[in-house]
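Data block below; observations after.
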Amino acid sequence: MLLRTPHTRRQFLRTTHKLALTGAVFSIAPSVNASLSPGSTNHLLALDHTHTNEKLSLVYRLGNQYVNSALTRLNRFLRDHYSGTVGIMDPALYDILDGIKVALRVDMPYQIISGYRDPHTNERLRKTRGGGVAKKSLHMQGRALDIRMPGVPLDELRDAALSLKAGGVGYYPDSRFVHVDTGGIRSW
């Protein structure tokens with residue numbers, strides 16, 4: 001959904017109605033109101049979870065202001081799909097996803113393979129996946145996502161993530177996903 005910056009009261013009301021429909025319900029506060037001024041940008045994410053078959057599309061940030069209700073919905077969406085445990089995700093991950101879309105010049109949903117992972121799940125996967133899961137995985141801190149984007153070659157997705165220099169980028173062509181995180185800048 002493309003949202004224009006409102007210049008009149010009527011445009012503002014239409015925009016907030018559209019935001020409410022996408023799950024970005026918020027209370028009108030001066031900081032949020034300021035982010036709706038001319039020149040601000042609304043940041044939309046569309047996600048499909050490969051394990052839960054859930055879909056989510058919402059505005060997660062208005063200008064420089066994160067939308068709290070959207071962050072809450074994203075935390076739930078990106079929960080540990082094995083245990084159901086909801087973690088607190090780092091909002092900077094969403095900026096990375098947004099940056100990748102801009103770098104690739106695409107506007108399509110990401111497929112989420114893994115988001116938050118509770119420590120018990122992480123340990124179980126570590127023991128059963130032949131070393132493919134880190135003992136101190138950033139997934140346990142809500143600072144990592146495993147993603148792909150239908151129609152976008154995996155190496156192009158990786159290269160777009162690397163171009164941001166915003167954190168770690170792992171390339172897993174055999175498993176068909178790219179890992180992005182908000183840790184130190186590194187790649188594997």
Side-chain angles (χ1 to χ4, degrees), residues 23-24 43-61 64-104 109-150 152 154-188:
H43 298 269
L44 175 73
L45 279 181
L47 310 172
D48 296 342
H49 202 294
T50 60
H51 295 286
T52 66
N53 294 319
E54 295 171 298
K55 297 178 184 313
L56 182 65
S57 179
L58 50 64
V59 172
Y60 76 95
R61 185 162 54 94
N64 292 324
Q65 181 72 37
Y66 289 110
V67 179
N68 287 332
S69 60
L71 297 182
T72 299
R73 289 186 67 196
L74 284 159
N75 287 339
R76 169 122 177 78
F77 183 85
L78 296 167
R79 69 192 177 278
D80 182 325
H81 63 271
Y82 292 99
S83 69
T85 305
V86 176
I88 297 173
M89 302 300 292
D90 183 350
L93 284 169
Y94 313 135
D95 294 329
I96 290 172
L97 296 182
D98 198 39
I100 292 171
K101 283 190 335 182
V102 170
L104 291 172
Y110 283 95
Q111 289 182 334
I112 301 297
I113 289 80
S114 183
Y116 176 75
R117 205 181 289 146
D118 76 32
H120 298 297
T121 298
N122 196 74
E123 186 60 23
R124 183 172 48 79
L125 294 175
R126 211 171 70 71
K127 290 179 177 176
T128 60
R129 298 281 167 101
V133 175
K135 185 174 187 171
K136 295 183 180 183
S137 171
L138 291 177
H139 285 277
M140 295 187 301
Q141 298 174 29
R143 297 180 59 201
L145 292 171
D146 296 336
I147 60 171
R148 64 178 165 242
M149 188 178 277
V152 175
L154 209 56
D155 60 337
E156 290 181 25
L157 186 66
R158 174 205 57 205
D159 293 347
L162 288 169
S163 74
L164 300 176
K165 296 181 178 17
V169 178
Y171 181 57
Y172 298 91
D174 292 340
S175 299
R176 298 182 6 195
F177 70 84
V178 171
H179 167 100
V180 293
D181 67 49
T182 59
I185 298 171
R186 64 213 187 287
S187 63
W188 61 95

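Hydrogens, waters and symmetry mates play no part in the numbers below; they use all other heavy atoms, side chains included.
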Give the table of side-chain donor-acceptor pairs shorter than 3.5 Å for residues 84-100, with sequence neighbours excluded, one pair per line with atom names and distance.
| residue | atom | partner | partner atom | Å |
| --- | --- | --- | --- | --- |
| Thr85 | OG1 | Ser83 | OG | 2.8 |
| Thr85 | OG1 | Asp118 | OD2 | 3.2 |
| Asp90 | OD1 | Ala92 | N | 3.0 |
| Asp90 | OD2 | Thr182 | OG1 | 2.9 |
| Asp95 | OD1 | Tyr60 | OH | 2.8 |
| Asp95 | OD1 | Arg61 | NE | 3.0 |
| Asp95 | OD1 | Arg61 | NH2 | 3.1 |
| Asp95 | OD2 | Tyr66 | OH | 2.3 |
| Asp98 | OD2 | His43 | ND1 | 2.5 |

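- Atom NE2 of His120 sits in a sparse spot, with 12 or fewer heavy atoms from other residues, nucleotides or ligands closer than 6.0 Å.
- Residues Ile112 and Phe77 form a side-chain contact, since some pair of their non-hydrogen atoms from C-beta on lies under 4.5 Å apart.
- By the 6.0 Å and 45° rule, Arg148 does not stack over the aromatic ring of Tyr110.
- Using modelled atom types, no side-chain atom of Thr121 and backbone atom of Arg117 make a donor-acceptor pair closer than 3.5 Å.
- Atom CG in Leu71 sits 11.5 Å away from atom CZ in Arg73 (nearest 0.5 Å).
- Side-chain N/O atoms of His179 and Asp181 include a donor and acceptor closer than 3.5 Å.
- Interatomic distance, CD1 of Ile147 versus CZ of Arg176, reported as 14.0 Å (0.5 Å rounding).
- Side-chain contact between Met149 and Gln111: absent, with no pair of heavy atoms (C-beta onward) separated by less than 4.5 Å.
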* Yes or no on side-chain contact (heavy atoms from CB on, under 4.5 Å) for Ser57 and Leu45, after CA distance, side-chain angles and deciding distance? -> CA-CA 6 Å; Ser57 179; Leu45 279 181; over 6 Å; no
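- To the nearest 0.5 Å, atom CG of residue Asp80 and atom CE of residue Met140 are 11.0 Å apart.
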Test log, rule side-chain contact (heavy atoms from CB on, under 4.5 Å), inputs Leu157 and Asp159
CA-CA 6 Å; Leu157 186 66; Asp159 293 347; over 6 Å; no
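- Counting heavy atoms from C-beta on, the side chains of His49 and Lys55 never come closer than 4.5 Å.
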Does Val133 form a side-chain contact (heavy atoms from CB on, under 4.5 Å) with His139? I'd like the steps, not just the answer. CA-CA 10 Å; Val133 175; His139 285 277; over 6 Å; no
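- Arg76 CZ: 12 or fewer foreign heavy atoms inside a 6.0 Å radius.
- Here the straight-line distance linking atom OG of Ser187 with atom NZ of Lys165 works out to 9.5 Å at 0.5 Å rounding.
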Report the C-alpha distance between Arg79 and Glu54 in whole Å, list the side-chain angles of each, state the deciding distance to 0.1 Å, and finish with yes or no for salt bridge (charged side-chain N to carboxylate O under 4.0 Å, His left out). CA-CA 12 Å; Arg79 69 192 177 278; Glu54 295 171 298; 3.0 Å; yes
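- Side-chain atoms of Ser114 do not come within 3.5 Å of backbone N or O of Asp146 as any donor-acceptor pair.
- Taking the side chain as every heavy atom from C-beta outward, Pro109 and Leu47 never approach each other to under 4.5 Å.
- Figure legend: Arg158 and Tyr171 shown as a cation-pi pair, the cationic atom lying under 6.0 angstrom from the six-membered ring centre and within 45 degrees of its axis.
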